[in-house]
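What follows is a short report on a single structure.
Basis for what follows: all heavy atoms, side chains included, without hydrogens, waters or symmetry-related copies. In this text, all values refer to a predicted model and were calculated from it rather than measured experimentally.
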There are 2 protein chains.
Amino acid sequence: MARKTGSHSEITGPRIRAVARSLFARYGFAAVSMRQIAAEVGVQAGALYLYTPDKETLLFELLKAHMDELLAAWDAVPAGDGPLARLEAFVRFHIRFNLDRAEAVFLSYMELRNLGPENFAVIEGLRRDYETRLETILRDGVVEGLFAAPDSKVASLAIIAMLTGVTTWYREGGRLDRDAVGDIYWDMVRKAVAA
Amino acid sequence: MARKTGSHSEITGPRIRAVARSLFARYGFAAVSMRQIAAEVGVQAGALYLYTPDKETLLFELLKAHMDELLAAWDAVPAGDGPLARLEAFVRFHIRFNLDRAEAVFLSYMELRNLGPENFAVIEGLRRDYETRLETILRDGVVEGLFAAPDSKVASLAIIAMLTGVTTWYREGGRLDRDAVGDIYWDMVRKAVAA
DNA sequence: AGATTATCTGAACGCGCGTTCAATACAATC
DNA sequence: GATTGTATTGAACGCGCGTTCAGATAATCT
């Protein structure tokens, strides 16, 4: 027996990526075997290699796609009117986007070390791009006298770390909904960089 | 050939833990083999089992010891005069302690998922203890009207995430020394919860 | 209907894994 | 200098790993 009825690469490919993302996020890249991924997809291990040259590349493509989507999604957010509005937009965007893709976020922050040097550099570069987006907002605000941040680079890293931490405790259906979380974090960020 | 001259359990035990902490932090728990640890210690793999019943317990004991030391170290910090002084002490303590033990911090935040449920619960409980220390400071400050934090639990998690993030970018001998980093973060935290 | 192509199976490859244990070498004690 | 106890070796256990590939099946094309 080989191919099952109705199986196609347009289905299997995305399914492999979704399953891999989920399992990598839950158990860690090194702890998940190609056979486990294949089993969850409903396919033999060898079939995975129709869709990825090797395990590390599978991880890299997940991370790369996530970072690309993150940057594209932020760039699609309407530019607010001035640094304050743009900062608020950034805070709310980052929380919303990260909660929507908790698994991919987890991966991007935890499994970078499983990439070879070249792949690592690519992801690291995209991350720096994203951080620079925020840093620019902060710097603009400082210039206009709206913000007081003694070190805009450190401030942007601090803010991103704080916002990303939401994914470690937020649970759907819990005490707070997403908008309430956004309000709380925006309040803290706004004050943290206030002039 | 068996034991080498001068080898004793008082030396090998701590060395195993130090090597394991370092390798786990660098490559991840699942990606490091007992043979790699043994090789770095200068011993055969079997000898590790004189010091730990299995690999997971080795990880658990590293995490447990780290959390115990974290709580003990914070409790040894002189209680400041009022919530503002205590918050400043917390911020500077957390940064200093985490930078001193970057490997253990990394482990504690990334390899929890490799523990069984009981071991996981123990570490999780200690972490919650630590978070509660900060939350109490915030709550006291809110009561006294010094702080404005709409949700002290979320605020404490946000602050800890922000502070812990220092370990991901700080490099010894870089542009900023530890005190300068402490100043920047204290400035942000102070304002973030300001009334 | 027959040939071709895309998709997948199932078995195999060599290797390293966590862990166990009898044998052994050294240190301490008598 | 013999005995005892501790620290360690080195080989072995069964198992699962990532990856490859010839063969089988289903869909598509002519």
Would you kindly give the [atom1]-to-[atom2] distance between [X] and [N], to the nearest whole Å?
X	N	atom1	atom2	answer
A:I11	D:dA27	CD1	C1'	13 Å
A:R15	C:dC8	CZ	P	11 Å
A:L50	C:dC8	CG	P	7 Å
B:L48	C:dC17	CG	C1'	13 Å
A:I16	D:dT19	CD1	P	13 Å
A:I37	D:dC17	CD1	P	11 Å

Side-chain N or O of [X] less than 4.0 angstrom from OP1 or OP2 on [N]?
X	N	value
B:S33	C:dC17	yes
A:Q36	D:dC17	yes
A:Y51	C:dT7	no
A:T12	C:dT7	no

Legend entry - Electrostatic pair A:D151:B:R175 at N-O distance under 4.0 angstrom: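 Answer for the salt bridge query: yes.
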Legend entry - A:R96 bridged to A:D100 by N-O distance under 4.0 Å: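 Answer for the salt bridge query: no.
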Closest listed nucleotide, where the reference is the side chain of [X] and the choices are [options]:
X	options	value
B:A47	D:dT19, C:dT19, D:dT8	D:dT8
A:K55	D:dT19, D:dT8, C:dG18	D:dT19
B:M34	C:dT19, D:dT8, D:dG10	C:dT19

Inset, instruction - Find which nucleotide of DNA chain C each of A:G46 and A:R35 is nearest to by heavy atoms, and output the residue with the more 5' nucleotide. - result: A:G46
Legend entry - First encountered from the 5' end of DNA chain C, between B:Y49 and A:V43: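 Residue closer to the 5' terminus by nearest nucleotide: A:V43.
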Inset, instruction - Strictly below 4.0 Å, heavy-atom distances to any atom of DNA chain C: list the hits from residues 21-31 of chain A, or just say none. - result: none
Inset, instruction - Would you indicate what B:V32 reaches in the nucleic acid, counting non-hydrogen atoms under 4.0 angstrom: base, sugar-phosphate, or nothing? - result: sugar-phosphate
Inset, instruction - Using the salt bridge (charged side-chain N to carboxylate O under 4.0 Å, His left out) rule, take B:D183 and B:R178 through it: C-alpha gap first, then chi angles, then the decisive distance, then the call. - result: CA-CA 9 Å; B:D183 291 343; B:R178 291 172 180 224; over 6 Å; no
Inset, instruction - For A:A85, check side chain to side chain contact (heavy atoms under 4.5 Å, CB included) against everything at least two apart and list the hits. - result: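 None.
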Inset, instruction - Can you tell me which residue pairs pass the side chain to side chain donor-acceptor pair (under 3.5 Å) test with a partner in residues 74-86 of chain B, sequence neighbours excluded? - result: B:D75-B:R133
Inset, instruction - Report yes if the distance between the aromatic ring centroids of B:H94 and B:Y130 is under 6.0 Å, otherwise no. - result: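 Ring centres of B:Y130 and B:H94 closer than 6.0 Å.
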Inset, instruction - Please report the shortest heavy-atom distance between A:A194 and A:A148, naming the atom on each side. - result: O-CB, 3.5 Å
